[in-house]
Amino acid sequence: MGLFSSSTQTIPNAGEIPNHIAVIMDGNGRWARKRFLPRVAGHKRGVETVRDLVKLCAKLNVKYLTLFAFSSENWRRPENEVSFLMGLLMDALKREVAKLHENNIRLKLIGDRSRFNKALVKQIKVSEKLTAKNTGLTLTIAANYGGRWDILQATNKMIDSNPNQLGPFTEEDLTPHLAMDYAPEPDLFVRTGGEKRVSNFLLWQLAYTEFYFTDTLWPDFDDEAFQAAIGSYQQRERRFGRTSEQLSGEQLSNA
Ligand code: IPE
Ligand code: IPE
Ligand code: MG
């Protein structure tokens, strides 16, 4: 059994404030090009948005914030942009981890680390270890992450840990091996930058997540824009397969 219930096996409790928010931080390049700056200037500016958003989530009592920083397909970008992004991740970890720790924030990285240089792998380990026992917000950075990679690595680990079992396997066998075994499924998914796609983010975990898309570019995504996303979430009726009538019946019986 995993730590958290599955949205397809049981009906989750959904509160006013999403417990877990997953974000595709998109539009940095376009933000920079609009200002006749190099694309990487947008990435640099995007880190400031991350800082503000982390603060706001901690204040709102969001328990898990998961940010897509680099996809398994982003290696296809020009080499100078890829190395800038890797450097930015390294610098941000070094610079921010003490502050995160002070604020009782637990930091996690998900993704395939095998392509990272040694110094970055080390920095990730140190940062995770320092903040491991913190009980406030859990901030997850997805770097060299892909939803398909995650499902496959979990499948392989599941098979390795059950060498005598040929199947059939269940959700409960698989989910403890997913990269985010320590978090419930996201309640709210946000994508900035106008594209309406998942780009190989958390494919398994998004099964019943509410989606919110905005044209706002990531560096412009301020507290007000974020509150609008939460406001939209609060208007949704999360049915998890049931009918609307069943839900209002439930509310009556709870009243
Ligand atoms: C998102 O911004 C950041 C990363 C993918 C690392 P983009 O760099 O994709 O910005 P656009 O989509 O080109 O504007
Ligand atoms: C998704 O953005 C990945 C991250 C934000 C890290 P992309 O800009 O790479 O996505 P596509 O290529 O437009 O789908
Ligand atoms: Mg993009």
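Ligands are counted one by one from 1 in listed order, and the atoms in each one are counted from 1 as well. Residues take their numbers from the sequence shown, with the count starting at 1. This structure is a prediction, so every number in the text was calculated from the model and none was measured.
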Non-neighbouring partners of T131 that pass side chain to side chain contact (heavy atoms under 4.5 Å, CB included), sequence neighbours left out: V97, H101, L107, N134
Using a strict threshold of under 4.0 Å (side-chain N to carboxylate O), is an ion pair present between D187 and R238? yes
Ordered by chain then number, the protein residues lying under 4.0 Å from ligand 2 by heavy atom are I24, M25, D26, F68, A69, F70, S71, N74, R77, R191, R197, S199
Applying side-chain hydrogen bond (donor to acceptor under 3.5 Å, both in side chains), name anything that partners T209, two or more places apart in sequence or on another chain. none
Which word best sums up how the rings of F84 and H43 line up, parallel for under 30°, tilted for 30 to 60°, or perpendicular for over 60°? tilted
Less than 4.0 angstrom from a charged side-chain N to a carboxylate O is my criterion; do K125 and E128 meet it? no
With no hydrogens and no angle check, do the side chains of S199 and R191 hold a donor and an acceptor under 3.5 Å apart? yes
Count, waters excluded, of protein N, O or S atoms under 2.8 Å from the Mg ion (ligand 3): 1
Regarding T49 and D52, is there a side-chain donor-to-acceptor distance under 3.5 Å anywhere? no
Please check if any side-chain donor atom of K59 sits under 3.5 Å from a side-chain acceptor atom of N61, or the reverse. no
Strictly distance-based, threshold 3.5 Å: is any side-chain N or O of W218 a donor or acceptor partner for the main-chain N or O of G46? yes
Mark up the atoms of ligand 1 that fall under 4.0 Å of a heavy atom belonging to R39, in ascending order. 7 (P), 8 (O), 10 (O), 13 (O)
Plane angle bin for F240 and Y208 - parallel if under 30°, tilted between 30 and 60°, otherwise perpendicular: tilted
